[in-house]
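For reference, the structure discussed in these notes is given below.
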Amino acid sequence: MTNFWQQIPKPFMALAPMEDVTDTVFREVIESVSSQEILKVVFTEFTSTDGLCHNVGREKVIDRLHVSATERKLLQQSGTKLVAQIWGSEPENFFKSAQMLSESGQFDGIDINMGCPVKKVVKKKSCSALINFPDLAREIIQATKQGSDLPVSVKTRIGFNEIITEKWMVELLAENPAAITVHGRTQKMLSNGEAMWDEIGKVVQLRNQLNSDTIILGNGDILSYEMAMEKVSEFGVDGVMVGTGIFKNPWLFNENQEFTDIRTRLELLKKHILLFSETWDCRHFNILKRFFKIYVTGFEGAAEWRNKLMNAGNCIEALQMIEIFETGKVRSM
Ligand SMILES: Cc1cc2nc3c(=O)[nH]c(=O)nc-3n(C[C@H](O)[C@H](O)[C@H](O)COP(=O)(O)O)c2cc1C
């Protein structure tokens with residue numbers, strides 16, 4: 001299997017893994033309005049290796065790895081790569097999960113979550129807790145590589161309680177991961193404060209000093225393509241990953257960069273709702289509702305109308321309300 005990370009023209013951008021956000025539907029929505037020269041990599045939500053390796057648990061987590069036929073087609077057309085992100089603390093389960101992901105034929109790479117700061121995973125010696133257990137972290141990378149010939153990457157932070165960027169990255173780089181995404185915050189910072197891009201720059205320098213091939217992505221607080229390119233020139237990262245910035249502008253990976261007019265936004269919202277209902281049977285309508293504010297914003301009366309839309313009980317009702325809104329308001333604008 002080729003290491004696609006080495007083949008991506010630099011600099012490039014990636015859509016961050018986000019739980020309850022970057023399912024196949026949201027990824028497809030974003031891919032459909034992105035420029036293929038800019039958006040090169042997308043990630044699944046983080047998926048438990050313990051869950052994948054357990055008969056009952058598997059059922060609970062498997063939707064996170066679902067790739068719809070329409071997203072698959074789009075990925076093939078654009079050349080954007082899809083990486084499955086996994087988490088856990090048992091090397092054996094990483095090995096087995098890597099085998100499964102490889103055999104599924106759905107993914108271009110496997111990413112190991114060593115960054116999630118939430119208590120329930122940290123307690124299990126997983127995700128960002130691995131920063132405190134570098135030997136286990138390295139064992140996990142080795143096991144994942146042994147289970148699959150897909151390129152294995154790591155997404156992590158610059159420390160747990162304190163910033164230990166270089167000490168931690170030396171451990172990771174020793175395992176020669178295909179890529180490392182560095183979120184410029186410690187576990188303790190959660191999402192607070194500013195992402196420390198100086199620390200991300202140190203990772204690039206270290207990688208260069210060690211003559212390593214590992215691709216370095218920077219992550220944290222990026223709101224536009226221009227901002228990403230500034231970070232590339234200032235800190236030398238190969239790529240920039242965007243998470244929450246996509247909520248402010250779904251067209252962030254589009255060459256034209258326009259946060260387009262209401263009509264276009266509502267068209268995208270309708271597409272999002274339709275894809276969601278086709279894929280998930282609209283079972284989890286409350287999850288879908290969280291996305292409405294992305295689209296229904298930035299115009300007079302947006303808040304009031306958004307509140308109405310939040311009261312919709314299902315996908316059909318939401319689509320009907322948008323239709324009414326379009327007929328009454330947008331068409332007269
Ligand atoms: C709702 C939400 C869910 C997230 N889920 C994941 C996840 O599953 N895996 C992961 O590595 N990071 C996850 N993150 C962290 C993001 O990938 C990213 O590192 C973080 O938001 C910082 O980037 P940003 O400033 O561009 O948002 C999540 C963040 C948010 C806001």
Side-chain angles (χ1 to χ4, degrees), residues 13-27 30 39 41-49 51-52 61 63-66 82-88 97 107 109-122 124 126-131 137 140 144 152-159 172 177 179-197 199-200 203 216-232 235 237 239-250 252-253 284 286-291 293-294:
M13 293 189 75
L15 175 64
M18 288 186 278
E19 187 179 32
D20 283 341
V21 177
T22 53
D23 67 345
T24 187
V25 171
F26 187 71
R27 292 194 309 259
I30 299 306
L39 180 61
V41 192
V42 294
F43 291 71
T44 68
E45 305 166 73
F46 75 150
T47 304
S48 161
T49 49
L52 284 175
V61 299
D63 279 355
R64 290 167 181 249
L65 298 174
H66 179 63
L82 175 59
V83 175
Q85 195 193 56
I86 51 177
W87 68 279
S97 299
F107 303 102
I110 300 175
D111 189 70
I112 305 172
N113 185 320
M114 298 197 186
C116 181
V118 306
K119 268 194 196 143
K120 73 170 188 220
V121 297
V122 166
K124 292 182 182 165
S126 304
C127 299
S128 63
L130 289 167
I131 300 171
I140 283 173
T144 311
V152 173
S153 55
V154 172
K155 179 168 178 283
T156 189
R157 293 182 174 236
I158 55 176
L172 292 179
I180 301 178
T181 302
V182 187
H183 177 186
R185 290 185 174 88
T186 59
Q187 182 278 343
K188 197 175 168 186
M189 290 172 75
L190 304 173
S191 306
N192 303 322
E194 272 179 34
M196 286 180 255
W197 276 84
E199 294 298 319
I200 297 172
V203 182
I216 306 294
L217 290 94
N219 169 234
D221 304 341
I222 300 301
L223 298 175
S224 68
Y225 177 70
E226 285 78 15
M227 212 174 153
M229 291 309 114
E230 280 167 23
K231 299 297 185 202
V232 167
F235 300 106
V237 287
V240 173
M241 176 186 275
V242 173
T244 46
I246 203 69
F247 303 145
K248 303 228 165 59
N249 179 9
L252 194 146
F253 302 114
H284 309 295
N286 283 340
I287 290 181
L288 179 66
K289 276 183 174 179
R290 294 194 218 142
F291 293 94
K293 61 176 174 293
I294 301 179

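When a ligand or atom number is given, it counts from 1 through the structure's own listing order. Note that the numbering runs from 1 along the sequence shown for the chain.
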(request) For ligand 1, list the protein residues that place a heavy atom within a distance below 4.0 Å of one of its atoms, sorted by chain and number. (result) A16, P17, M18, E19, F46, Q85, N113, K155, H183, N219, G220, D221, V242, G243, T244
(message) What I'd like to find out is whether the side chain of K188 reaches to under 4.5 Å of the side chain of P117, using heavy atoms alone.
(response) no
(request) Check whether the ring centres of F253 and Y225 lie less than 6.0 Å apart, and answer yes or no. (result) no
(request) Using a strict cut-off of less than 4.0 Å between a Lys/Arg side-chain nitrogen and an Asp/Glu carboxylate oxygen, indicate whether R64 and E19 qualify as a salt bridge. (result) yes
(message) Distance alone, cut at 3.5 Å: any donor-acceptor contact between the side chains of D111 and S153?
(response) yes
(request) Check whether any side-chain N or O of W197 sits under 3.5 Å from a backbone N or O of G218 as a donor-acceptor pair, and report yes or no. (result) no
(message) Please check: side-chain N/O of T156 versus main-chain N/O of M114, any donor-acceptor pairing under 3.5 Å?
(response) yes
